[in-house]
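Encoded as structure tokens, the structure appears first; notes follow it.
This is a predicted model, so every value here is computed, not measured. Lettering follows sequence order; numbering is per chain, from 1.
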2 protein chains.
Amino acid sequence: MSILDIATQAGVSPATVSRVFNLPDLVNEQTRQLVLEVAREYGYRPNASARTLRTQRSRVIGVVLPTLTNPVFAECLQGITQATAAHGYAIMPATTEYKIESEIEAVAQLQAFGVDGVLLVVSDAATSQAVARLREQGTPYVLVYNRHPDHPCVSVEGEIAVRDLVHHLAQLGHSDIAMVCGQLKASDRAQQRYAGFVAGMKKARLKPATLIEVPFVETAIENISLVLSSSHRPTALICSNDLLAVRAIRAAHQCGLRVPQDVSVTGFDGIQLGRDLTPTLSTIAQPNGDMGREGVQLLITAIESNSMPASTDSITLDHEFYRGESCAQAPINDCANS
Amino acid sequence: MSILDIATQAGVSPATVSRVFNLPDLVNEQTRQLVLEVAREYGYRPNASARTLRTQRSRVIGVVLPTLTNPVFAECLQGITQATAAHGYAIMPATTEYKIESEIEAVAQLQAFGVDGVLLVVSDAATSQAVARLREQGTPYVLVYNRHPDHPCVSVEGEIAVRDLVHHLAQLGHSDIAMVCGQLKASDRAQQRYAGFVAGMKKARLKPATLIEVPFVETAIENISLVLSSSHRPTALICSNDLLAVRAIRAAHQCGLRVPQDVSVTGFDGIQLGRDLTPTLSTIAQPNGDMGREGVQLLITAIESNSMPASTDSITLDHEFYRGESCAQAPINDCANS
DNA sequence: GTGAAAGCGCTAACAT
DNA sequence: ATGTTAGCGCTTTCAC
């Protein structure tokens, strides 16, 4: 069923049928009803490829994410899905599994499929080849979660958030605080969060910050356990994301420590599931759905005005420390220690 | 950069350029190298819409899921993504948020975007209008997680799995076992799992099975707490999915009960995160990534042979009961009770 | 092994 | 308010 068939059946020209679907106001009420009727009868729906070929617009947005297995990105994609659907756009996601070389590959694939723009979460905005390619080729893009002055980004102030969290923990009597991260060099976000940790520790005049860098998620629990079973263990663990926090809690448990009585654990991301865990997860919550939605807004606005989102369009959303049960006052004896 | 530009630059016809990309064997080695060279130089990539318009194949697969917020579907989508990418296909996901009327809407949207086929998880395969539409219109589709004799499905034997689980719990000394589900009428999977529960209880000659039906996730914890604080509370809770199991553990905690010493909790799905929780989640694990991958395989095979997947192509994958820390022997006193 | 040409279904400029 | 028509970029038959 092509537009020509419908036109013939309705006794009008293909142009009129096209107008009924794209510029209905230009068509006489009666004619429009007639066309709509015929179209419905034959179950006609305009062919997207033909429209795209003609208009050079696919109404599809590409999305590049590290993984869907981390709920933070799944929640974000959920937001993206809602916002795009509301605008009549569809999405085409691709995941990199945190492999940096997959980023450029994913972008190339999406471009090959003719997406109008791309939303992405990259390992490191400053050095990303994927982002460079997008920019060179004039494909509209917006970074989400990444935060960099040269690119259009939707992000939260990760550095400030962690700095303030250190302050909060210090107030709870913690002086021995360690940070748990993935590989720092593989993530600009982790670096920013770590910078906030260092700044916060310095400001609180606490002793040089311990960093537990976890190279692979598989060994996270072991890595953390090692530190928790040392003679002078930290009383609080600031994890750079919620999944690490979950593993930190497990590590504590394996070391015979109770959370939060013996050790406090905080995460970063605010995944929904954290609210239902036992203990509930303390975390620096980001509005994950909104991050996606705002990114879509930025991107579609640019696409429809035939321009590229600018770094000056960047949006910073509010974060919020959610104090769950995994975080409490420092244990008394440790207070005595310090 | 169109195929014509490349052809002109290389001094060949557009047909030859097309062959270089689609039927390279038909092209003289030298000519091919030349064209490839020119194409690379200009960063040429064939236009997907034009190809789709001409061939009537988009190489895009639509995916309809309830939500991405439940890791079970995120993991499945991950598998789908990998398999499609390996075949040179892209995916276009849409979520229904468990709203049954969104299913048909999502399908219509995907069809409008010209997907070659659809992978879906629906509320109820038997009555789904979305599935009916797909079938009527001759759009290839495969159901995932749903299990129904009239449709091509990739699923596990949910009923048998739960039946066997009841047996396992009975062996552990549990006689007072309750099942926790979402709204039964809204999910054929939950119904099947419940049927397995009833069958298992009967076979184990245990007293009529208690069902805790949780209408809304928001109130799940309250609903479960109510039962756990009753005078003759169950010693084991079989939850129809892992997210409910997490909430059941929380409910137990709020009732002052320890898991698993006072009450055992099991889930269904095998989400990866469950392995890192404390206690680790006991669950009937499905191979979520593989479910997606198998669905893709079935679908693409059909698409490329110009046919529709048949109900006889349905695949049943193996499930496995993962015994985590959330499940243990029934408490002694309760054994005495029974 | 390569080229010429038709046409996939649509939109938009132009004409009436 | 509606019609005519060219052409988006590609693949594929048919011819050579």
Side-chain angles (χ1 to χ4, degrees), chain A residues 1-39 42-60 88 90 111-116 137 303-304 306, chain B residues 1-39 42-60 88 90 111-116 137 303-304 306:
Chain A
M1 274 302 124
S2 84
I3 202 171
L4 196 62
D5 299 312
I6 303 305
T8 311
Q9 285 299 321
V12 299
S13 76
T16 296
V17 177
S18 173
R19 285 189 197 101
V20 167
F21 287 97
N22 300 298
L23 306 158
D25 297 344
L26 298 188
V27 175
N28 178 291
E29 172 67 24
Q30 309 216 348
T31 322
R32 188 172 57 207
Q33 290 309 329
L34 172 62
V35 170
L36 250 20
E37 171 59 31
V38 175
Y42 288 84
Y44 166 77
R45 241 167 317 101
N47 180 304
S49 323
R51 187 181 350 104
T52 298
L53 183 57
R54 181 62 233 248
T55 61
Q56 307 291 348
R57 284 253 151 93
S58 64
R59 296 184 81 79
V60 177
Q111 287 179 319
F113 274 95
V115 299
D116 288 342
Q137 312 211 347
I303 288 168
E304 305 209 323
N306 248 310
Chain B
M1 274 302 126
S2 84
I3 202 170
L4 195 62
D5 299 313
I6 302 305
T8 312
Q9 286 298 322
V12 299
S13 75
T16 297
V17 178
S18 173
R19 288 191 193 99
V20 167
F21 287 98
N22 300 299
L23 306 159
D25 297 343
L26 298 187
V27 175
N28 178 292
E29 172 67 26
Q30 307 217 348
T31 323
R32 188 173 55 206
Q33 290 308 329
L34 171 63
V35 170
L36 251 18
E37 171 59 31
V38 175
Y42 288 84
Y44 167 76
R45 243 170 315 103
N47 179 305
S49 323
R51 186 178 354 101
T52 298
L53 183 57
R54 181 60 233 243
T55 63
Q56 306 292 341
R57 283 255 153 90
S58 62
R59 297 183 82 77
V60 177
Q111 287 180 319
F113 274 94
V115 299
D116 287 344
Q137 314 211 344
I303 290 169
E304 305 207 323
N306 248 311

Identify whether any heavy atom of [X] sits under 4.0 Å from a base atom; if not, whether one sits that close to sugar-phosphate; answer base, sugar-phosphate or nothing.
X: Ser18(B); answer: base
X: Tyr44(B); answer: sugar-phosphate
X: Thr31(B); answer: sugar-phosphate

Is the backbone N or O of [Y] less than 3.5 Å from a side-chain atom of [X], with the two atoms forming a donor-acceptor pair by type?
X: Asp116(A); Y: Arg57(A); result: no
X: Ser18(B); Y: Pro14(B); result: no
X: Ser58(A); Y: Gly114(A); result: yes

Nearest to the [X] side chain among [options], which nucleotide is it?
X: Asn47(A); options: dC10(C), dG3(D), dC10(D); value: dC10(C)
X: Val12(B); options: dC8(C), dG1(C), dG3(C); value: dG3(C)
X: Thr55(A); options: dA12(C), dG9(C), dA5(C); value: dA12(C)
X: Arg19(B); options: dT13(D), dG7(C), dT2(D); value: dT13(D)

Value in whole Å for how far the [atom2] atom of [N] lies from [atom1] of [X]:
X: Ile3(B); N: dA6(C); atom1: CD1; atom2: P; result: 17 Å
X: Gln33(B); N: dG1(C); atom1: CD; atom2: P; result: 15 Å
X: Arg51(A); N: dC10(D); atom1: CZ; atom2: P; result: 19 Å
X: Arg54(B); N: dT11(D); atom1: CZ; atom2: C1'; result: 4 Å
X: Leu4(B); N: dA4(C); atom1: CG; atom2: C1'; result: 12 Å
X: Asn22(B); N: dT2(C); atom1: CG; atom2: P; result: 15 Å
X: Leu26(B); N: dG3(C); atom1: CG; atom2: C1'; result: 14 Å
X: Leu53(A); N: dT11(D); atom1: CG; atom2: C1'; result: 13 Å

Task: Gly88(A) to Phe113(B) - nearest heavy-atom pair and separation - done: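 Heavy atoms of Gly88(A) and Phe113(B) come nearest at O-CZ, 3.7 Å.
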
Task: Short side-chain N/O contact from Asn28(A) to OP1 or OP2 of dA1(D), under 4.0 Å - done: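 So the side-chain polar atoms of Asn28(A) never come under 4.0 Å of the phosphate oxygens OP1 or OP2 of dA1(D).
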
Open item on the list: Quick check on dG3(D): is either OP1 or OP2 less than 4.0 Å from any side-chain nitrogen or oxygen of Ser13(A)?
Closed with: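 So the side chain of Ser13(A) is within the cut-off, an N or O lying under 4.0 Å from OP1 or OP2 of dG3(D).
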
TODO: Between Val17(A) and Ala15(B), name the one whose nearest nucleotide on DNA chain C is closer to the 5' end.
DONE: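 The residue whose closest nucleotide sits nearer the 5' end is Ala15(B).
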
Open item on the list: Need to verify one output field. Residue with the more 5' nearest nucleotide on DNA chain C, Gly11(B) or Gln56(B)?
Closed with: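 Nearest nucleotide further toward 5': that of Gly11(B).
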
Open item on the list: When you compare the side chains of Gln33(B) and Glu29(B), does any donor N or O come within less than 3.5 Å of an acceptor on the partner?
Closed with: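 Yes, because at least one side-chain N or O of Gln33(B) sits under 3.5 Å from a partner of the opposite role on Glu29(B).
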
